[in-house]
Protein chains: 2
Amino acid sequence: MMAGYYAAVDWGTSSFRLWIIGEDGAVLAERRSAEGMTTAAKTGFHAVLDHHLSAVSAPAHLPIIICGMAGARQGWKEAGYIETPAALSAIAGQAIPVPDVDRDIRILPGLAQRDRQHPDVMRGEETQLLGAAGMLGGGRHLVCMPGTHSKWVRLVDETVEGFSTFMTGELFDVVSRHTILSHAVADADTFPAGSLAFAEAVRSARDNPALATNLLFSVRAGQLLHGTGAADARARLSGTLIGLEIAGALAAATPADSICLVASGGLGTIYRAALESLGLMVRLVDADDAVRAGLSAAARAIWPL
Amino acid sequence: MMAGYYAAVDWGTSSFRLWIIGEDGAVLAERRSAEGMTTAAKTGFHAVLDHHLSAVSAPAHLPIIICGMAGARQGWKEAGYIETPAALSAIAGQAIPVPDVDRDIRILPGLAQRDRQHPDVMRGEETQLLGAAGMLGGGRHLVCMPGTHSKWVRLVDETVEGFSTFMTGELFDVVSRHTILSHAVADADTFPAGSLAFAEAVRSARDNPALATNLLFSVRAGQLLHGTGAADARARLSGTLIGLEIAGALAAATPADSICLVASGGLGTIYRAALESLGLMVRLVDADDAVRAGLSAAARAIWPL
């Protein structure tokens, strides 16, 4: 049996990640799977968690801190929301214990912006923000967290003033799979982040956001009339949606010292390329590091050594 | 056996309509079905057409004029494109005969805008435009043709100067069925065109097109935080996409004497409500009347009495 201080879990809609953390902060073990909320709501959250804890021989009474969609209404145990403006330091204190289990399991709350004109919610990103804020230090930051539902957050001295969600990733997915553009992009799984077609599409949509759905159709028309290849078509589709997001995010934001991009892997590379192609300065924070730092900050507040 | 001058067919991606027209222009018979290009490409265009001609006992040598996706590359016989600026009177002269059939069947060409920055195509709408132009008279018109792929056309004295396609209808379909918004709109099939939620969404997106995908997500957030009902959620989704389209169409257009809306049924009602809620004057032309008038104008040019 391995030692450990606590287990940290990032439980999203379609992914599950678990880390066993030692008293010195070291990662003792890691598990990743596709058993996100959608799967676990059918197979059972407790069963999924137990399976992964057993796989790393976690001690029987190791406490567990969880963020993400496990705390949604349709998740394991609803963890509610903290309202904006929200001090990130308040997240740990609002963690909800999971009842009727044989160990101490807490789920962190999400953030809600109840503004009638701009209602918005996040779950999981608040914990990434808690971690990122510790790395960024004080001051005013505009934080971009790309994904299925990209979040742009106005962060001032570890307080979330407000945020805006853009459906960029989910729209990319449904447009590329279920619309007439599926014919244009089918033969390419990816595109180079340095692609000229991508940079042009980002700029077109940023400059002319009202034409966004026209720019999407022109990807298909360009294929018919000019023989645009599949990788360029995919780059244009992605660039149009990301350029539209950036136009909206910058319009909704107050001036910031810098844009902090919290992302991992290919998505980080693409967003960095998009922002830099528009002349915007970007500071990259790895999203995995951020969420683990946020979960650790919460765990140490709840279970002090 | 019934008499007839010609048969007029509007053959779209997902719909088939046929009218038998007499020498005096009267509609002698009508057929409608869901055997659009997608279906007919599998079951055979000739078989679908013959079935409907037999059902109305059409004469064996009645000539057939067709517009729409039957002339696409993946249709029955590719009918090419006329390039913008395009005189609508040139359409009939570019009709392509279907080879190896036992009657005179002609498919009308589409329109193409080869502009590298704004490539665009239409098939079927050019025939509606030909019909609508006869009803509108000369002068400058901005023509809105809503649908799966909405077209906004700059028409001057029966010449198409240019046009822009917006993926509004197709995006409404995939967003309402395949994204997180499906939960918010599932319990309502329709919404009233006079809905306040619809008018508000149209105006928000027209005023802030860059926030379009954020406004979409706020439909879901509004349901979670404020209990927005399904009909209001559907109205907001539709209003956001239509408001975005109007913002883009008006940005791309030169000033016009009037907006002519070529539409039928519920779609005409919704677009009229959207445009009028923004204080825009609308002249409505029924899309069915327009396409039949366009097909008739082409038929009379090809087969003069």
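So that the names make sense, note that chain A is the first sequence line, chain B the second, and so on, each numbered from 1. Owing to the predicted nature of the structure, the values given are computational and were not obtained by experimental measurement.
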Beyond-backbone contact of A:H226 with B:P119, side-chain heavy atoms, under 4.5 angstrom:
yes

Heavy-atom side-chain proximity of B:M167 to A:L181 below 4.5 angstrom:
yes

Working to the nearest 0.5 angstrom, can you tell me the gap between [X] [atom1] and [Y] [atom2]?
X      : Y      : atom1 : atom2 : answer
B:S204 : A:Q117 : OG    : CD    : 6.5 Å
B:F217 : A:K151 : CZ    : NZ    : 4.0 Å
A:H178 : B:D173 : NE2   : CG    : 10.0 Å

I'd like to know which of [options] tops the heavy-atom pair count under 4.5 Å against chain A.
options                        : answer
B:T13, B:V175, B:T213, B:I246  : B:T213
B:L211, B:T179, B:L244, B:V174 : B:T179
B:A251, B:A212, B:S164         : B:S164

Can you say whether B:R177 sits under 4.5 Å from chain A via the side chain, the backbone, both, or neither, judging by heavy atoms?
neither

Name the region of [X], side chain, backbone, both or neither, that has any atom closer than 4.5 Å to a heavy atom of chain B.
X      : result
A:E245 : neither
A:R206 : neither
A:V121 : both
A:D207 : neither

For the side chain of B:N214 and the backbone of A:T165, is there at least one donor-acceptor N/O pair under 3.5 Å apart?
yes

Exam field: side chain A:H149 to backbone B:I180, donor-acceptor pair closer than 3.5 Å
no

Tabulate, in ascending numerical order, the residues of residues 67-79 of chain B having at least one heavy atom closer than 4.5 Å to a heavy atom of chain A, or enter 'none'.
B:R73, B:Q74

Closest non-hydrogen atom pair between B:A210 and A:P209, with its separation
CA-CB, 3.6 Å

Do you know the tightest heavy-atom contact between B:L216 and A:L171?
CD1-CD1, 4.4 Å

Between A:H118, A:R220, A:R116, the one whose heavy-atom pairs under 4.5 Å with chain B are most numerous
A:R116

